[in-house]
There are 2 protein chains.
Amino acid sequence: MSVREKKKKKNKNAILQAAISLFRKNGYENTSIEQIARAAGVGKGTFYSYFQNKKDIVKGFYDDELELVHNELLGRANRDTPILEQMVTIYMAEFRQVTRNPEFGRLFMRESVFPDKQNPAGNAGLENNFFSMLFPILERAQQRGELRRDIEILHITEHFHSLFVMVVSSWYTGRLPIDGVEQAMTSLFTQLLEGLCPPPFTLTKLEKNNG
Amino acid sequence: MSVREKKKKKNKNAILQAAISLFRKNGYENTSIEQIARAAGVGKGTFYSYFQNKKDIVKGFYDDELELVHNELLGRANRDTPILEQMVTIYMAEFRQVTRNPEFGRLFMRESVFPDKQNPAGNAGLENNFFSMLFPILERAQQRGELRRDIEILHITEHFHSLFVMVVSSWYTGRLPIDGVEQAMTSLFTQLLEGLCPPPFTLTKLEKNNG
DNA sequence: TATAAATTTCGACTGCGGTCATTTTTTTTA
DNA sequence: TAAAAAAAATGACCGCAGTCGAAATTTATA
């Protein structure tokens, strides 16, 4: 590795660490780029050759952090437990990670759900990683017969993800207290799986009606 | 109405109109508060006695705009058409309105899904109005037997709304082209209604298996 | 109507995010 | 190794969002 590459890696990391530390101590809004640069031992302009803008730091933070969580989940997962349970486990881990620092989390969710124009493929990588983690799990569930096979897996992930976003949003707006999150998520996921329509006549009902 | 009240109303409206006009012409980022204030014939500081900050203008804009759309929808609605059709109609209207000006729309969606801390009850009023418009429609559908009665209506609205947010997000990130929006929404809503699980044994299937 | 109190308007000012021409450092070439 | 080229670092600078105390305007009081 050339001198340049080593320096770049070191600098990027120093900036990221300085930023996170300062954000933790003083909050995002009360930390200036200049402070971050000083703490990282570089000039202000240098910050912008490693990160596009201030928000970009948040993405940089979660890029690393969430990948760890995802890998840990992949390691611990038992793919033959019911899909509901697996999805709740995965998304609760995601929820805890994202909301650990509420200020970062809000910025991160905002960017990942409604990204800036100039940030076209910004979160795509992260999201794709996440979705590609879910793919084999959902595929397996389809094979077991727990999920319909006539819906593309991508769409199934969209369903779960949209409810995840809703839960995070509910927590941020205060509609949902922290100790109600897991139950709410379980209940929403269950309803998604079962559907909002009343079930058609089942065997039991038929027998009842006929008997 | 006192002189003060008249002035306030006039000023607030002048500022809002000036802002919208300038945003339309030059975009949100390229319009400064000072420009807005000048165009409205007031000083810069005065802006801040009518709106908390720059983003607040966007909310002010949609507050009016969306209420019109909602009222129009309420007037035209036939509450006995299938719930799928009604929800698609309503949310497509919402989609068109929100994304008419993409820049405003993104800011608005961001604020309404992940609001700022200092904006606690900000969007609550708007969202509540929207939800309360949906309530009677969904209640009616429950009575007709189109929707399960064991799920609270609030939760049903959350399901639909979360898919709406997903569709808007998909459009913003470019995953979903504009002419695929209605079909995607219809398909997601259908899947939500039917559920992601395979249906239990129905009469036809039973007969097949037994025969 | 004159004066006091309350409310609103105002723009100079502050601090920060982001840019850019210049300087410094590293790599390539001869 | 010396000179030229390429890449990266830097901080003065710009424009703007948001603040604040002073000035202007409206309302209340006597």
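Since the model is a prediction, treat every value here as computed from it, not as a measurement. Quick note on labels: first sequence line is chain A, next is B, and so on, each numbered from 1.
Scored by the ring pair (Phe, Tyr, Trp, His ring centres under 6.0 Å) test, B:Phe114 finds no partners at all (sequence neighbours excluded). Every salt bridge (charged side-chain N to carboxylate O under 4.0 Å, His left out) that A:Glu34 has, sequence neighbours left out, goes to A:Arg38. Under the salt bridge (charged side-chain N to carboxylate O under 4.0 Å, His left out) criterion, B:Asp64 pairs with no residue at all, not counting sequence neighbours.
Interatomic distance, B:Leu163 CG to B:Met185 CE, rounded to the nearest 0.5 Å: 9.0 Å.
Judged by distance alone, the side chains of A:Gln191 and B:His159 do bring a donor and an acceptor atom under 3.5 Å apart. Counted by atom type alone, B:Thr173 and B:Arg175 present one or more donor-acceptor pairs between their side chains at under 3.5 Å.
Within a heavy-atom distance below 4.0 Å of DNA chain C, no residue of residues 13-25 of chain B is found.
Seen from the ring of B:Phe108, B:Lys55 does not count as a face-on cation partner, given the 6.0 Å and 45° thresholds.
Within 6.0 Å of CD on A:Glu182 lie no more than 12 heavy atoms contributed by other residues, nucleotides or ligands.
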Next item on the list: Would you mind building the protein contact string for nucleotides 8-20 of chain D? One character per nucleotide, 5' to 3', B for base within reach (heavy atoms under 4.0 Å), S for sugar-phosphate only, - for untouched.
Entry: SSBB----SBBB-
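Bracketed by its first and final contacts, the part of DNA chain C lying under 4.0 Å from non-hydrogen atoms of chain B reaches from C:dA6 to C:dG11 in 5' to 3' order.
A distance-only check finds no donor-acceptor pair linking the side chain of A:Tyr62 to the backbone of A:Ile57 [under 3.5 Å].
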